[in-house]
Amino acid sequence: MCKSDRVTHTLDGLKETLVIFGAEFRRAVRSGRAVVLLGLYSMFSALVLLVIGKLTSDLRATMNERLAGAGADAESTARMMEETRKGVLGFLTSNDTSMMEALAQVPIEVLLVFKVTLFFLPAYVALMGFDQISGEVAPRSMRYLTVRARRSSVLLGKFLTQAALLVGLVLVIDLAIFVYARIANPDFGFAAMSLNLLKFWLAAIVFSLAYVALTTLCSSVFRTPGVSLVFNFILLFVFWLMDTVGRASGETGALRFLRYLSPSNYAGDLLHPNITEFGVSGAAYAAFATLFLLGAYGALRARDL
Amino acid sequence: MSDLAIELFGITKRFGPKVAVNGVSFSVPRGAVYGLIGPNGAGKTTTFSMMCGYLYPSEGTLTVMDVDPSTPGALKGRVGALPQDAVLPPGWEVGALLTYWAKLSGLATPENEAREALDQVGLLDAWKVQTQALSHGMAKRTAMAQALMGRPPLVLLDEPTAGLDPRIAAQVRQVIKDMKGRQTVVVSSHNLQELEELCDAAAILDKGTLAQAGSMSELTGQGAEFRVQIASGTVIPPELTTLPDVTDARMEGESILVVRFGGQAKPEQVISRVVAHLLQSGVLILGVSRGRRLEDRVLQLL
């Protein structure tokens, strides 16, 4: 194939991908399933927000009460509260000073809710897209597509559809969390809210795209959507286990390297103010996404439809 | 550009230990309507699926419109396909789905192509109907319509009339007849009468192997035998074998006379001679038909 043929081939492939993405995205947005899943995840996030909001509020009230009982003045009470906040922030950021400084303005409930929702986001991604490929392979509707488009275009088009849906979903959830935090914390200014919303949204996107690619891989490997979903959950569990075992092994344990093979290991630095740390984390997620997508393409390319 | 639309050479397809298609070779000339014939499990749909690039052959070479169907994107714009058991994706209106697929095929006016194709199969009224709300027949016609969009040079149809009511089936057959000469059409079907009516040539498959391939005339023996339906009178077959070019004559049952003749002889001359002889012998004739029915030939082979 000469160079101009290759360019034409690539452009044609891109065009196919865009056509599939456009059509599938419109269908997904109109489908009841997208709305139901969005509603479910919003409800889950709201529940987490309410529980954490209530817990932090109760904790503050208890501390205020005890400090008042111990005869502490307003200044020492505020200092104690700030110390507690720093303690929690330190726990959430592994005591990284620059991260603690960067997140100083963000209400602690936002960070907690963000961490919890991020933990469950891969499961949501799996529920949303487990049948993106297998759902077309099992009833053979894929055959209508592959006679007029490359399998790679179908795969990328479907992946982009899921990714776009998730970008929108994460924005809705993050926006809701930040609006709540702004209402609950009058000190949390509009500028700080907007900037942090952008940072958190970006972090969630980078994080979740690798998991969208993982779901695409699972959906490409199996014919049956149900099996794809189960396998996806198994992989999520295995990654979580690798991360946990790796961390538990400490700095010298034989299994300490396991955590580097798990995407969740790199989540911590996604909110890092230092561009190098963020870049390494982002690159790790990009590498996972690329690896999963290549695997998905390999599986789909090799299989009979 | 080759004169052949499709060429299979030693094609084998295995699913684990099961051999679905075994060393099949035949070719489909451009512009022909070609039939794929065989009982259930003969390997028709597997062969069809390999032609469409859905399945990869385990062995052998396959060329479709001068390209290897397993090459990514190679069949785009060259082939329209109606897969037998592919379900239409749910959540789409028929018109929107066909327009999407026409766009994906790179057609210049996707919506017009979609409307035209739906009109061809008599389903334009279903433009706004959701795919999951279509009856079996309507879904089949929608699938047929997507195969026709853009008038691709090769149209592959797997069981195009299965499950359709007789009126719509006739309409579909007419669509296929209209493509004759302008497009190459491959039709896989159980309906041998339909294939005999539509096809110029066919391949007969059985248990994954090729039983016979050739023109319809060759398969039905139109150039080598004819049948005479006798109304009354006594036929003496040995007398007929003395006539020029007649190689064999025998009675099939009480009223059908089967006459075979040499491959070089002109059928009209042999038929005229035999009929004249019968009439002179006082035999009254109800009808004459050339060759044998495709169904008989297939039953004989399988």
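First the proteins, then the strands, lettered A, B, ... as listed; each starts at 1.
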Would the number of heavy atoms belonging to other residues, nucleotides or ligands and lying under 6.0 Å from [atom1] of [X] be above 12?
| X | atom1 | value |
| --- | --- | --- |
| B:Asp125 | CG | no |
| B:Lys180 | NZ | yes |
| B:Asp3 | CG | no |

Worksheet item: Counting a contact as any heavy-atom pair under 4.5 Å apart, which residues of residues 284-305 of chain A contact chain B?
Response: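 When heavy atoms of chain B are the reference, residues 284-305 of chain A contributes A:Tyr297, A:Arg301, A:Ala302, A:Arg303, A:Asp304, A:Leu305 within the under-4.5 Å range.
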Worksheet item: Can you pull out the residues in residues 148-179 of chain A with any heavy atom less than 4.5 Å from chain B?
Response: A:Arg148, A:Ala149, A:Arg150, A:Arg151
Worksheet item: Using non-hydrogen atoms and a limit below 4.5 Å, what part of residues 145-154 of chain B faces chain A?
Response: B:Gln146, B:Met149
Discussion item. Using a 4.5 Å heavy-atom cutoff, which residues in residues 14-29 of chain B come close to chain A?
Written reply: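 Those residues of residues 14-29 of chain B which have a heavy atom under 4.5 Å from chain A are B:Phe15.
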Worksheet item: Step by step, would you call A:Met142 with B:Tyr54 a side chain to side chain contact (heavy atoms under 4.5 Å, CB included)?
Response: CA-CA 9 Å; A:Met142 181 65 97; B:Tyr54 306 146; over 6 Å; no
Worksheet, complete the sentence: Ranked by heavy-atom pairs below 4.5 Å to chain B, first place among A:Glu136, A:Arg30, A:Arg143, A:Arg140 goes to A:Arg143
Practice prompt. Locate the shortest heavy-atom distance separating B:Val87 from A:Tyr144; write the atom from each residue and the value.
Written response: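 The answer is O-CE1, 3.6 Å.
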Discussion item. Looking at every non-hydrogen atom in both residues, tell me the closest pair between B:Lys76 and A:Asp12 and how far apart they are.
Written reply: NZ-OD1, 3.5 Å
Discussion item. Please classify the contact of A:Ser31 with chain B as side chain, backbone, both or neither, using a heavy-atom distance under 4.5 Å.
Written reply: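 Neither the backbone nor the side chain of A:Ser31 comes within 4.5 Å of chain B.
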Worksheet item: Checking heavy atoms, do the side chain of A:Ile20, its backbone, both or neither come under 4.5 Å from chain B?
Response: both
Worksheet item: Is it the side chain or the backbone of B:Thr99 that comes within 4.5 Å of chain A heavy atoms, both, or neither?
Response: neither
Worksheet item: What residue, out of B:Thr71, B:Leu104, B:Asp85, has the most heavy-atom pairs lying under 4.5 Å from chain A?
Response: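 So the answer, after comparing B:Thr71, B:Leu104, B:Asp85, is B:Leu104.
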